[in-house]
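Structure record follows, encoded as structure tokens.
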There are 2 protein chains.
Amino acid sequence: MRTRLKDVADHLNLSTALVSGVLNKRPNVWASEETRQRIVEAAEKLNYQPSAAAQALIKGKTDTVAFVYRRLEGFNYRLAYSGLVDALSDDLQTSGYDLVVANFATQDDVLRHLQKIASSRACDAVILWGREDDTEPQGELLEKLRVPFLVKGRHERSHPTWNQIDFDHEGMMERAVDHLADLGHTRLAYLGFPHDEGYVHALRRGYFSAHRRRFGHDPDGRFIGEHEDHVAPNEQTILEWLRLPESDRPTAFVIGAGNSAWQTLETCLAQIGRRLGYGASDYAAAGITSLFFTLMFGEAVAFQGIEIDNLARLASPGLLNAILRGEHTQPVHRFLPSLTPAPTLDLLRHGVKFGGSQ
Amino acid sequence: MRTRLKDVADHLNLSTALVSGVLNKRPNVWASEETRQRIVEAAEKLNYQPSAAAQALIKGKTDTVAFVYRRLEGFNYRLAYSGLVDALSDDLQTSGYDLVVANFATQDDVLRHLQKIASSRACDAVILWGREDDTEPQGELLEKLRVPFLVKGRHERSHPTWNQIDFDHEGMMERAVDHLADLGHTRLAYLGFPHDEGYVHALRRGYFSAHRRRFGHDPDGRFIGEHEDHVAPNEQTILEWLRLPESDRPTAFVIGAGNSAWQTLETCLAQIGRRLGYGASDYAAAGITSLFFTLMFGEAVAFQGIEIDNLARLASPGLLNAILRGEHTQPVHRFLPSLTPAPTLDLLRHGVKFGGSQ
DNA sequence: CTGAAAGCGCTTACAG
DNA sequence: CTGAAAGCGCTTACAG
């Protein structure tokens with residue numbers, strides 16, 4: 001059997017109350033310095049650790065935070081979540097909390113589980129992650145059940161008091177527009193996602209407002225392409241843009257989409273003998289990428305690997321601790337990363353030559 | 001306050017013993033069908049869930065599995081771990097267990113934490129993940145402390161009785177060699193990692209043994225390149241190979257490395273006007289990739305996204321449940337994925353033409 | 001069919 | 001300085 005408090009007390013011929021008091025450094029516990037020494041040493045020697053279950057029962061708290069989310073399909077969200085658990089668990093561990101992970105296939109299962117952990121007092125707080133469609137009802141349930149929680153996403157309108165974190169998607173697109181405008185480009189195009197989700201709208205919003213601010217007018221409606229993260233749909237749009245007369249077509253691209261948009265852009269440019277870069281005849285691009293992004297031919301700046309763990313670092317321990325202790329904090333947190341030069345294979349300079357297609 | 005057993009009992013004017021017995025469907029508990037009904041309904045109505053802490057204290061088990069590992073630097077391991085927590089948590093949840101995640105920067109911290117969760121009875125079993133250098137002492141500690149555990153990795157020699165899972169790295173390289181040999185290639189080269197780790201050695205071992213089996217002799221010592229996952233070092237080796245007379249140089253590549261090896265291989269081939277594929281003048285390749293891999297010019301087969309969650313699916317619930325219940329199972333599990341065609345941008349066929357380098 | 005009692009391992013007043 | 005006692009919320013014999 002593992003060592004209990006009683007074992008330590010018996011070992012020293014002391015009462016459990018004294019041993020407990022000393023070990024927990026409780027004030028108003030009087031013991032000689034020598035006794036304290038003996039207690040601490042015996043506990044160490046016997047590898048005594050208080051039973052987590054007994055502690056939880058007594059204190060009414062479990063020193064545990066639950067990370068609950070609905071599983072999404074596909075690798076994209078895997079990448080987005082990669083590193084998140086690392087960061088969360090690390091920070092929580094530092095504050096003495098364990099991270100319990102539970103994910104489910106359906107929203108119903110998630111809600112059922114939230115109800116369950118609330119009723120069984122299985123954790124002190126909850127972290128919700130995922131799409132707003134899912135997390136909103138989840139947060140509402142926890143609010144009703146009076147469980148402290150932190151939610152990833154953009155709920156500032158519907159629930160301005162919720163503790164929430166997310167990227168500053170608007171700000172990211174503004175930075176991209178500013179970068180391209182500073183380079184002297186005036187005809188910008190936008191490549192985004194077609195999904196009806198908070199961050200997608202926020203990216204688009206940021207692009208539009210920055211465009212108006214820099215150029216005094218809305219973007220050209222023809223130069224908005226919103227497609228799934230695959231080559232084919234992006235290709236059709238980009239080729240159309242590039243078929244316009246040179247004086248008319250976009251020379252710079254703001255990308256609020258995935259790696260496929262970048263790859264397709266480079267491929268299409270290559271077909272007309274052009275590349276991304278900073279030369280007089282080069283096109284330019286700036287925007288979001290997934291992890292592990294490498295340009296093939298040219299150069300560009302990007303928010304690389306929208307590293308979700310940066311978000312997690314932002315969340316904890318400060319914010320999460322505040323939640324756990326019921327302190328009142330500024331609820332809405334937004335994280336704005338920086339544009340950095342993307343790695344490139346630089347195939348052209350590398351001596352790649354192709355005489356024609358096979 | 002949350003609903004306690006006593007609240008349900010009081011609500012119905014019954015004893016807690018009876019309510020507990022009925023709710024847990026304990027045999028030898030006699031209650032009329034009507035009483036049972038009332039108890040179940042009241043529990044539901046009051047949202048009663050037994051206190052996790054009290055249950056744990058009484059039963060001596062927490063219905064919790066700890067997933068403990070040392071954090072590694074860099075994105076590669078992030079990718080490798082991506083999806084793992086999803087899969088583990090999902091399967092465990094199905095069996096009624098929660099997954100508690102704890103990771104640390106140093107091995108000392110990990111060992112300290114393992115000692116702690118063992119002493120405080122914080123979980124019923126542990127999953128160890130990481131490099132063998134780290135997991136071996138971790139497993140030895142848990143063995144000493146009599147905590148059931150499952151470890152990722154190759155400990156079949158040092159600890160053949162440990163419950164362990166990993167990819168069948170030898171088998172993967174054998175499949176790659178067979179694929180290339182079946183295509184008619186006879187001069188193979190190997191691109192691998194330089195690290196002194198179990199899986200690296202296993203990949204190399206698989207390559208060598210398959211080569212001997214197919215060709216009756218060891219691989220040519222010149223055609224072994226083992227480099228970090230970057231372009232430059234791989235490039236030097238590959239260019240050297242391609243500078244040999246055609247009758248002498250390798251025409252097929254077994255890749256036991258990361259995406260950089262693939263990218264570099266395609267780039268180098270392009271410089272001599274060649275590509276990966278199945279034509280008479282094409283070179284061929286087969287092997288491992290990271291997630292999100294796309295060929296630029298040619299075609300090849302690969303173990304795509306050595307999806308670690310496949311490993312997790314393999315581990316649980318069967319294996320893990322067996323561990324939790326102390327059943328004796330076959331301890332060593334190895335997973336052998338299949339070679340599948342890699343996605344390609346197929347730039348050449350797409351009409352990309354380059355007249356020369358800039 | 002039903003209820004009082006002990007006990008899981010700990011903490012916390014409280015009386016000596 | 002020290003120890004007996006109650007209680008956290010539950011389960012499990014055991015006596016009625």
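So you know, we letter chains A, B, ... as the sequences are listed, proteins then strands, and number each from 1.
- With salt bridges taken as basic N to acidic carboxylate O contacts below 4.0 Å, none links A:D166 and A:R334.
- Remark: A:D7 engages A:R4 in a salt bridge (charged side-chain N to carboxylate O under 4.0 Å, His left out) (not counting sequence neighbours).
- Side-chain N/O atoms of B:E143 and B:W162 include a donor and acceptor closer than 3.5 Å.
- Remark: C1' of D:dG9 and CG of B:D7 are 10 Å apart, rounded to the nearest angstrom.
- If you take CZ of B:R26 and P of D:dC10, they are 13 Å apart, rounded to a whole angstrom.
- Here B:Q55 reaches the OP1 or OP2 of D:dT11: one of its side-chain N or O atoms lies under 4.0 Å away.
- Within a heavy-atom distance below 4.0 Å of DNA chain C, no residue of residues 43-52 of chain B is found.
- Side-chain contact check for B:T106 and B:D109: at least one donor-acceptor pair (N or O, by modelled atom type) lies under 3.5 Å.
- A salt bridge does not link B:R71 with A:D86: none of the charged nitrogens is closer than 4.0 Å to a carboxylate oxygen.
- Distance alone, capped at 3.5 Å, places no donor-acceptor pair between the B:Q164 side chain and the B:V332 backbone.
- Atom CG of B:D63 is separated from atom C1' of D:dC10 by 14 Å (rounded to the nearest Å).
- Summarising the geometry, the separation between NZ on A:K6 and C1' on C:dC10 is reported as 13 Å, rounded to the nearest angstrom.
- Rounded to an integer number of Å, the gap from B:L23 CG to D:dT12 P is 13 Å.
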Please table the atom pairs, donor to acceptor, closer than 3.5 Å between any side-chain atom in residues 34-42 of chain A and protein atoms at least two apart or in another chain.
| unit_1 | atom_1 | unit_2 | atom_2 | d |
| --- | --- | --- | --- | --- |
| A:T35 | OG1 | A:S32 | OG | 2.6 |
| A:R36 | NH2 | A:V29 | O | 2.9 |

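- For the side-chain hydrogen bond (donor to acceptor under 3.5 Å, both in side chains) test, no residue two or more places apart in sequence or in another chain qualifies with B:S51.
- Note: CG (A:L5) to C1' (C:dT12) measures 13 Å, nearest angstrom.
- For the residue pair B:R26 and B:S20, a side-chain donor N or O sits within less than 3.5 Å of a side-chain acceptor on the partner.
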Under a 4.0 Å heavy-atom criterion, the protein footprint on nucleotides 2-8 of chain C, written with B, S and -, is BBB--BB

With Watson-Crick and G-U wobble geometry limited to distances under 3.5 Å, how should the secondary structure of DNA chain D be encoded in dot-bracket form, using | for bases paired to another strand and [ ] for crossing pairs? |||.||||||||.|||

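- Distance check on atom P: D:dA4 versus C:dG7 gives 16 Å, rounded to whole Å.
- With no hydrogens or angles considered, a side-chain donor-acceptor pair links A:T62 and A:D124 at under 3.5 Å.
- Atom-to-atom, CG of A:N24 to P of C:dC10 comes out at 11 Å; the value is rounded to the nearest Å.
- Taking the P atoms as reference points, D:dG9 lies 25 Å from C:dT2, given to the whole Å.
- Judged by distance alone, the side chain of B:S15 and the main-chain N or O of B:L18 form a donor-acceptor pair under 3.5 Å.
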